[in-house]
Amino acid sequence: MSDNDDADNSDDLYNWDLQNVIPHFTGALSMFGSAWIMVEVLMDRGKRRMAYHRLLFALSLVHFFSSTFFFASEWAKGDNGWYVQDAGDRDKYCDASGFFIYLGSMTIPPYNASLLIYYYLSVCLSWDEEDIKKRFERYIHIAIISFGITMALIPHFLGLYHPFYFYCFPIGLEDPTGQVTNDDIFLILFYVLVISCTIVMLYCFLSIVCTLRKATAPESRSCCCCTCSCLVRCCRKKNSSSHERIEGHRNGRRERRFKEQQRARVLMTMPFLYMIPFTLTWLVPTFIFMLGTLSFKFGINIFSQRENFISVIYVAIALPLQGFINWVVYMYRRGEEKFSRLNSCSLLSVLKASAELFLRILNLSGMENDNDCILGSGMEYNILDGIDSDDDDDDGSCELYETTPEGTLTDNFVDEDKEANHDFESLDSKDEEDCSGIFT
């Protein structure tokens with residue numbers, strides 16, 4: 001090994017205490033984001049009635065608890081560190097920290113997957129709110145919470161919670177000499193859970209993309225339609241009024257198609273954005289933990305000292321941060337809607353819109369009819385016309401999800417397309433009759 005490699009692998013080059021300091025800041029950000037979402041859902045009656053927001057509330061709640069212990073990690077250790085050395089007992093704080101952090105580890109990935117399943121049920125299977133509530137949501141809350149609490153209590157009673165990175169985690173038993181005998185069963189369970197939820201989320205997202213692209217793909221016109229179009233082009237000078245009528249119809253059809261694609265873009269964007277924080281804060285750290293476990297078990301130096309330091313700092317930044325990134329995604333759709341309605345791009349207008357966006361939380365009881373409850377949800381497609389409407393007498397779309405149009409999402413797209421094709425062919429047929437004299 002060269003002298004440069006020896007220098008890079010020296011512990012003196014790296015400030016390992018950073019992994020204990022960074023979670024104070026990232027944990028605080030996550031607590032802020034999670035608390036914001038919970039307050040909005042609790043105070044807004046329209047949001048409480050929608051499965052999307054109830055799932056977000058549950059996800060934010062478990063985030064808040066785990067982020068609290070990430071935030072307090074180093075400060076709560078005390079002078080004797082994680083253990084009460086003189087009594088020979090495990091530190092009670094380490095038990096509490098391990099319980100809530102492992103509870104989050106067992107519930108946050110499934111709730112992330114549930115959020116993508118919600119979009120899948122809404123977009124691909126066209127379930128309405130009542131279907132989602134009765135056939136999916138009530139069972140998923142019971143399953144996830146009961147599973148998470150059970151799996152977090154077992155290591156507590158077995159005495160498995162011990163320091164792991166900058167927090168406590170169920171990593172093994174402590175023998176009479178104070179040494180921890182590694183038992184990776186709960187770590188392996190965590191790995192399997194995260195990877196399984198990732199697969200479910202990826203499947204749901206790809207299904208949503210395929211469904212929306214299929215629904216908005218323009219249908220190829222038949223040979224008859226092409227022939228009629230040729231006849232119309234031949235007759236333009238003779239029957240310009242018919243041509244103008246058809247051109248107007250084409251423009252209307254293009255506008256409908258553009259609107260459909262905008263709706264599809266909204267519904268594809270939100271599931272994708274919710275996958276980003278999960279990937280950054282759970283999937284990547286899980287692979288780092290897995291490589292570390294393999295390195296420890298088999299004595300393989302997978303990471304150099306420098307790479308190990310970088311991975312530790314990344315985990316300290318990313319792992320406590322998902323609650324904050326979820327809040328950014330949650331606010332994204334609201335910011336997009338707010339800024340899209342600006343009449344000008346002046347600094348004053350942008351600052352005013354930003355203030356209205358963030359100060360809305362101070363008057364949630366008076367904002368129940370401003371369409372905010374449907375923004376970003378899987379129901380947004382069904383009532384997007386209400387959002388796009390400029391009617392000042394609109395009494396809010398938060399109640400409209402109960403009376404959404406019948407038919408699946410694909411059916412709604414295709415029915416409009418069939419109707420447009422029928423009208424188009426009718427116009428073409430009339431012009432074909434008017435132009436028949438040209439070819440005789």
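What you see below is based on every heavy atom in this structure, not just the backbone, and it leaves out hydrogens, waters and symmetry mates. One-based numbering along the sequence shown.
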Taking all heavy atoms of [X] and all of [Y], pick out the closest pair and write down the distance.
X: Ala35; Y: Phe64; result: CB-CE1, 4.2 Å
X: Ala58; Y: His141; result: CB-CE1, 3.8 Å
X: Gly46; Y: Asp44; result: N-OD1, 3.0 Å
X: Gln322; Y: Thr281; result: CB-OG1, 3.3 Å
X: Leu18; Y: Pro23; result: O-CD, 4.3 Å
X: Pro155; Y: Pro170; result: CB-CB, 3.6 Å

Judged by modelled atom types alone, do Thr269 and Tyr332 share a side-chain donor-acceptor pair under 3.5 Å?
no

Any chance the side chains of Ser30 and Ser67 put a donor and an acceptor closer than 3.5 Å?
yes

How about [X] and [Y]: are their ring centroids closer than 6.0 Å?
X: Tyr161; Y: Phe169; answer: no
X: Tyr120; Y: Phe205; answer: no
X: Tyr330; Y: Trp327; answer: no
X: Phe190; Y: Tyr102; answer: no
X: Phe324; Y: His63; answer: no

Would Leu319 and Tyr314 count as a side chain to side chain contact (heavy atoms under 4.5 Å, CB included) here? Give the steps.
CA-CA 8 Å; Leu319 194 58; Tyr314 177 85; over 6 Å; no

Quick one, [X] and [Y] - any side-chain contact, counting heavy atoms below 4.5 Å?
X: Ile108; Y: Ser66; value: yes
X: Ile276; Y: Val329; value: no
X: Val200; Y: Leu116; value: no
X: Tyr111; Y: Leu61; value: no
X: Pro271; Y: Cys204; value: no
X: Asp131; Y: Asp128; value: yes
X: Phe278; Y: Thr198; value: yes

Does atom [atom1] of [X] have more than 12 heavy-atom neighbours, drawn from other residues, nucleotides or ligands, at distances under 6.0 Å?
X: Tyr191; atom1: OH; value: yes
X: Phe32; atom1: CZ; value: yes
X: Phe287; atom1: CZ; value: no
X: Phe272; atom1: CZ; value: no

Any donor-acceptor pair under 3.5 Å linking the side chain of [X] with the backbone of [Y]?
X: Thr107; Y: Ile144; result: no
X: Glu307; Y: Ser304; result: yes
X: His53; Y: Arg48; result: no
X: Tyr118; Y: Ala113; result: no
X: Ser146; Y: Ala143; result: yes

Distance in Å, [X] [atom1] paired with [Y] [atom2], rounded so as to fall on 0.5 Å steps:
X: Leu193; Y: Ile188; atom1: CG; atom2: CD1; result: 13.5 Å
X: Ile140; Y: Leu55; atom1: CD1; atom2: CG; result: 8.5 Å
X: Met275; Y: Leu202; atom1: CE; atom2: CG; result: 5.0 Å
X: Glu336; Y: Met331; atom1: CD; atom2: CE; result: 13.0 Å
X: Ile132; Y: Met50; atom1: CD1; atom2: CE; result: 8.5 Å
X: Phe186; Y: Ile171; atom1: CZ; atom2: CD1; result: 12.5 Å

Is any side-chain N of the basic residue among Glu130 and Lys133 closer than 4.0 Å to the acidic one's carboxylate O?
no

Give the ring-plane orientation class for Tyr167 versus Tyr165, where under 30° counts as parallel, over 60° as perpendicular and anything between as tilted.
parallel

According to the interplanar angle, ranging from 0 to 90°, do the rings of Tyr52 and Tyr274 count as parallel (below 30°), tilted (30 to 60°) or perpendicular (above 60°)?
perpendicular

Test ring-ring contact (aromatic ring centres under 6.0 Å, His included) applied to Phe99 - qualifying residues, sequence neighbours left out:
none

Check the pair Phe70, Thr26 against side chain to side chain contact (heavy atoms under 4.5 Å, CB included), reporting the backbone distance first and the verdict last.
CA-CA 8 Å; Phe70 282 131; Thr26 53; over 6 Å; no

Should Leu187 and Phe289 be marked as a side chain to side chain contact (heavy atoms under 4.5 Å, CB included) after you check the CA-CA gap, both sets of side-chain angles, and the distance that decides it?
CA-CA 9 Å; Leu187 271 177; Phe289 296 155; 5.5 Å; no

Stepwise side chain to side chain contact (heavy atoms under 4.5 Å, CB included) test for Arg138 and Ile142:
CA-CA 7 Å; Arg138 62 171 58 175; Ile142 295 173; 5.5 Å; no

